[in-house]
Number of protein chains: 2
Amino acid sequence: MARMPVEVRRTALIEAALRVAASRGLHETTTRAIVAEAGMTLASFHYAFESRDELIDRLILDVLAGEEKTVLPDELEGRTLTELLTDGLHGYIEHLRADPAREQAMLELTQYALRTRLPMAKEQYAQYTRLAAVSLALASQHTGTRWIVPLPTVAQLLVAVTDGLTLNWLVNRDDEAIDSAVRAAARAIAALASPASPASPASPASPAGASH
Amino acid sequence: MARMPVEVRRTALIEAALRVAASRGLHETTTRAIVAEAGMTLASFHYAFESRDELIDRLILDVLAGEEKTVLPDELEGRTLTELLTDGLHGYIEHLRADPAREQAMLELTQYALRTRLPMAKEQYAQYTRLAAVSLALASQHTGTRWIVPLPTVAQLLVAVTDGLTLNWLVNRDDEAIDSAVRAAARAIAALASPASPASPASPASPAGASH
DNA sequence: GTCTATACACCGATAGAC
DNA sequence: GTCTATCGGTGTATAGAC
């Protein structure tokens, strides 16, 4: 095989490992399967990494950190809070639908980290929650609403809902059901803000939303 | 070893397997580890079960089926919908707190089923959702409220929230944070019902909130 | 640096004595 | 029915030629 800088080799192996984990599950992501996917030999693997565990660490760090659980829609103006939440959740579900195997691998990685790398799991989860808090703060700002429950708590709930809906879709693969659940979730979470109306789809041209 | 009816042996092995899965994770729940935990020999295992896969099947069936994700509090009278939901979720979290390792094993079993026994995972999930729907119907009945979103959708959301909060607590082990999140979740879900006020402990007679 | 060949541990499963 | 001993396969990791 061609000579390659060890860092390039490492990256290639991590990407190969992610593909294997997505298609066959983490428990079948063996060193042999990874090098086969990457077109390398076993010895090359152990030249690049001390051990399989070391690669798994990098996999969790690089790949879970790249995940962004919630994304706000681009356009924030002229939408109600419920609409923003619906679109945000819907965007995440779209991402899930686009590559379910990958997201399932993420779930497996999280669970593996939970069992054997607890500090990494904690840090990762805190990161998701901070990101959710930022999105929620922006959303309330742009709709002139105010969270009547502490923002970190709402953020926790949003992350929990996202995780739960992910599992729901992975199990059932039911697009209509998940869309209903997403809308209900958005409406429910929006009810934790005041005073603007949480809801109705047909919103008239209300500049600056409801009140202050 | 003492002779035992094969069904008794099967049960003992399944219980041993659950203990191993809880303490060391599903991927370390090998036939050898199981029989060591049960105080048997390898040969006895294969006398009771055709294969390890067969035991895992039974484990999923017997043990996931025994799970009841949401339980209503005993006393339903004189409580608001939010209170009922809070107590129900809180009861589940108590159950989780009492035996986190077991619940983590459940999560691993679910994920394993998702990867290799999809129909079983689907059926199990549907069972949880039906149970949630029954609880939600009872709760709205007893509080004189009505779900303004289809009941199955609310049930889906409740299951998703339960799953998400489970993961949250397993990662953070933060009792105060989870209690806040539980209360917020209850309040949010209660907002999907009308007309009774979804929320504040001191609830005035506010007819039909913001509605839609 | 990259390869082939192999060491060594552990897996699920079975044969055959008792 | 229950045991000990062992098979064949696969896992991670390494030795040593090139």
**Student:** Scan for ring pair (Phe, Tyr, Trp, His ring centres under 6.0 Å) pairs involving residues 29-63 of chain A, sequence neighbours excluded, and state none if there are none.
**Tutor:** F45(A)-F49(A)

**Student:** Among all residues two or more places apart in sequence or in another chain, which pass the side chain to side chain contact (heavy atoms under 4.5 Å, CB included) test with S51(B)?
**Tutor:** D53(B), E54(B)

**Student:** Only counting residues at least two apart or in another chain, list the ones meeting salt bridge (charged side-chain N to carboxylate O under 4.0 Å, His left out) with R173(B).
**Tutor:** none

**Student:** Mind checking what makes side chain to side chain contact (heavy atoms under 4.5 Å, CB included) contact with A184(B), not counting sequence neighbours?
**Tutor:** V149(A), T153(A), L157(A), L192(A)

**Student:** For R3(A) and dG1(C), give me the distance from atom CZ to atom C1', rounded to whole Å.
**Tutor:** 4 Å

**Student:** Each nucleotide in nucleotides 3-8 of chain C should get exactly one letter: B, S or -. Can you fill that in based on protein heavy atoms under 4.0 Å?
**Tutor:** BB----

**Student:** Quick check on contacts: within residues 46-55 of chain B, what sits under 4.0 Å from DNA chain C by heavy-atom distance?
**Tutor:** H46(B), S51(B), R52(B)

**Student:** Would you please name every residue forming a side chain to side chain contact (heavy atoms under 4.5 Å, CB included) with E7(B), sequence neighbours left out?
**Tutor:** R10(B), T11(B), R58(B)

**Student:** Which residue pairs pass the salt bridge (Lys or Arg N to Asp or Glu O under 4.0 Å) test when at least one of the two sits in residues 137-155 of chain B, sequence neighbours left out?
**Tutor:** none

**Student:** With sequence neighbours left out, write down each residue that passes salt bridge (charged side-chain N to carboxylate O under 4.0 Å, His left out) with E37(A), or none if nothing qualifies.
**Tutor:** R19(A)

**Student:** Once ring pair (Phe, Tyr, Trp, His ring centres under 6.0 Å) is applied, what residue pairs with a partner in residues 106-140 of chain B remain, sequence neighbours excluded?
**Tutor:** none

**Student:** Which residues pass the side chain to side chain contact (heavy atoms under 4.5 Å, CB included) test with L61(B), not counting sequence neighbours?
**Tutor:** M120(B)

**Student:** Among residues 13-31 of chain A, which ones have heavy-atom contacts with DNA chain C below 4.0 Å?
**Tutor:** none

**Student:** Side chains of N172(A) and I178(A), heavy atoms from C-beta outward: is any pair under 4.5 Å?
**Tutor:** no

